[in-house]
Amino acid sequence: MSQGVIARRYAKALINLAEKEKTLEGTGKCLSELAAVYADAPELREALSDTKVSSKVKQKILKEILRKIKVLPLVDTFSRYLLSKRRIELLPNIERAFKLLLQDKLGRIEAWVTSAHKLPEATVEKLETAISKYSGKEVTINATIDPAIIGGIVTRIGSVVIDGSIHTHLNQIRKSIIRG
């Protein structure tokens, strides 16, 4: 079984528990903080996954980290469970899967918009409204700038990409001219 499938199963179990406790967003926030600490510290990842390090030492290390970032009891228990099952290395994947499940449960969606220049606020608001109508969900737009697209915008909503960039249109014209 792939790590992605396993991570989704853990994320689904965690989101069900968080929903029962009515701590969906808090659990997501705590899980994100823990995943960021885990991802940013190679020594920590190595210590928690090393088979030569005793289980007690690993638990002690994790306990200290959880205490410092002040996670909810559910995330504390969940991360300790992951460690005991030797699945702690899945933490970043579980966090990503949890985020997607949480967005879906809350009726939200993220859209990534890339443009050649900074978009005016009015344009971003129009995009949010249009994408909201398209998806039927509340939209959060993450705008980035990439001068390589020359003009227009590229929008990604989940796995759907709407490419309205001049760069892509020029490439399509070039290919059609070459084909004849």
Side-chain angles (χ1 to χ4, degrees), residues 1-114 128 131-144 146 154-163:
M1 207 178 311
S2 77
Q3 286 190 346
V5 171
I6 296 168
R8 275 192 297 282
R9 286 184 178 176
Y10 278 108
K12 204 176 258 188
L14 182 60
I15 206 157
N16 289 335
L17 292 169
E19 190 171 31
K20 284 179 186 172
E21 291 188 6
K22 297 181 181 8
T23 60
L24 280 170
E25 293 193 59
T27 300
K29 184 176 177 269
C30 291
L31 189 62
S32 291
E33 288 176 26
L34 181 58
V37 168
Y38 182 81
D40 292 342
E43 313 82 31
L44 173 64
R45 289 193 308 272
E46 190 176 314
L48 293 180
S49 62
D50 192 346
T51 55
K52 295 174 188 165
V53 178
S54 77
S55 175
K56 285 185 179 184
V57 171
K58 290 178 187 180
Q59 288 287 348
K60 198 174 186 180
I61 292 168
L62 185 60
K63 182 181 178 182
E64 184 61 28
I65 290 164
L66 295 170
R67 186 187 63 74
K68 281 187 179 180
I69 60 175
K70 298 176 184 160
V71 298
L72 292 173
L74 178 60
V75 176
D76 184 301
T77 305
F78 180 75
S79 55
R80 288 171 191 264
Y81 178 77
L82 286 178
L83 185 62
S84 72
K85 292 294 183 185
R86 295 188 189 122
R87 298 284 194 187
I88 197 75
E89 73 278 354
L90 294 176
L91 191 59
N93 293 340
I94 293 169
E95 187 261 343
R96 277 190 294 278
F98 185 91
K99 261 186 177 176
L100 291 173
L101 290 169
L102 179 62
Q103 294 292 347
D104 190 48
K105 222 171 241 312
L106 297 175
R108 297 179 188 156
I109 194 166
E110 283 186 309
W112 288 264
V113 176
T114 305
E128 281 180 348
I131 295 169
S132 239
K133 285 180 185 174
Y134 169 77
S135 67
K137 297 182 178 184
E138 181 183 323
V139 177
T140 302
I141 290 190
N142 299 308
T144 58
D146 181 5
V154 178
T155 306
R156 185 171 62 85
I157 308 162
S159 61
V160 176
V161 177
I162 303 165
D163 192 340

| query | Would you say Glu46 has more than 12 foreign heavy atoms packed within less than 6.0 Å of its CD? | reply | no

| Between Arg86 and Ser49, is there a donor-acceptor pair closer than 3.5 Å when you use the side chain of the first and the backbone of the second? | no

| remark: Minimal heavy-atom distance between Gln103 and Ile109, with the atoms involved, is OE1-N, 4.1 Å

| task | Might you work through the side chain to side chain contact (heavy atoms under 4.5 Å, CB included) test for Val71 and Glu33, ending with a clear yes or no? | result | CA-CA 8 Å; Val71 298; Glu33 288 176 26; 5.5 Å; no

| query | Within a strict 4.5 Å, meaning less than it, do heavy atoms of the Leu82 and Leu90 side chains meet? | reply | no

| Any idea which heavy atoms bring Tyr81 and Tyr10 closest together, and the distance? | CE2-CE2, 3.8 Å

| field | For the student: nearest non-hydrogen atoms of Arg87 and Ile6, plus distance | value | NH1-CD1, 3.6 Å

| request: Measure across Ala111 and Ile157 and return the closest heavy-atom pair with its distance rounded to 0.1 Å. | output: CB-CG1, 4.0 Å

| query | Quick one: CZ on Arg8 to CG on Asn93, what's the gap to the nearest 0.5 Å? | reply | 9.5 Å

| In Å, rounded to the nearest 0.5 Å, how long is the span from CG of Leu62 to OH of Tyr38? | 10.5 Å

| Out of curiosity, Leu91 CG to Arg45 CZ, how far, rounded to the nearest 0.5 Å? | 11.0 Å

| What distance do Ile15 atom CD1 and Thr23 atom OG1 have between them, rounded to the nearest 0.5 Å? | 10.0 Å

| query | How long is the gap from CD on Glu110 to OG on Ser135, to the nearest 0.5 Å? | reply | 12.0 Å

| query | Which atoms form the tightest heavy-atom contact between Cys30 and Val75, and what is the distance? | reply | CB-CG2, 3.7 Å

| task | Provide the closest heavy-atom pair for Ala7 versus Ala97 in the form atom of the first, atom of the second, distance. | result | O-CB, 4.3 Å

| task | Apply the test side chain to side chain contact (heavy atoms under 4.5 Å, CB included) to residues Arg80 and Gln59: give CA-CA distance (whole Å), side-chain angles for both, the deciding distance (0.1 Å), then the verdict. | result | CA-CA 7 Å; Arg80 288 171 191 264; Gln59 288 287 348; 3.8 Å; yes

| field | Min side-chain heavy-atom separation Lys99-Glu95 under 4.5 Å | value | yes

| said: Within a 6.0 Å radius of atom NZ on Lys29, are there more than 12 heavy atoms belonging to other residues, nucleotides or ligands? | reply: no

| Do Val139 and Ile141 touch side chain to side chain, with heavy atoms closer than 4.5 Å? | yes

| Gap between atom CG of Leu83 and atom CD of Glu89 - 0.5 Å precision | 10.0 Å

| task | Please assess Asp104 against Lys137 for the test salt bridge (charged side-chain N to carboxylate O under 4.0 Å, His left out), listing each intermediate value before the final yes or no. | result | CA-CA 9 Å; Asp104 190 48; Lys137 297 182 178 184; 2.7 Å; yes

| task | Side-chain contact test, heavy atoms from C-beta onward, threshold under 4.5 Å: evaluate it for Arg96 versus Pro92 and give yes or no. | result | yes

| query | Do Ile88 and Lys58 come close enough that some side-chain heavy atom pair is under 4.5 Å? | reply | no

| Test applied, side chain to side chain contact (heavy atoms under 4.5 Å, CB included); reference residue, Ser79; option that passes from Leu34, Leu14, Leu31 | Leu34

| request: Would you sort out whether Thr140 and Arg108 count as a side chain to side chain contact (heavy atoms under 4.5 Å, CB included), showing the intermediate values? | output: CA-CA 8 Å; Thr140 302; Arg108 297 179 188 156; 5.5 Å; no

| query | Checking side chain to side chain contact (heavy atoms under 4.5 Å, CB included) for the pair Thr27/Leu17: CA distance, chi angles, key distance, verdict? | reply | CA-CA 10 Å; Thr27 300; Leu17 292 169; over 6 Å; no

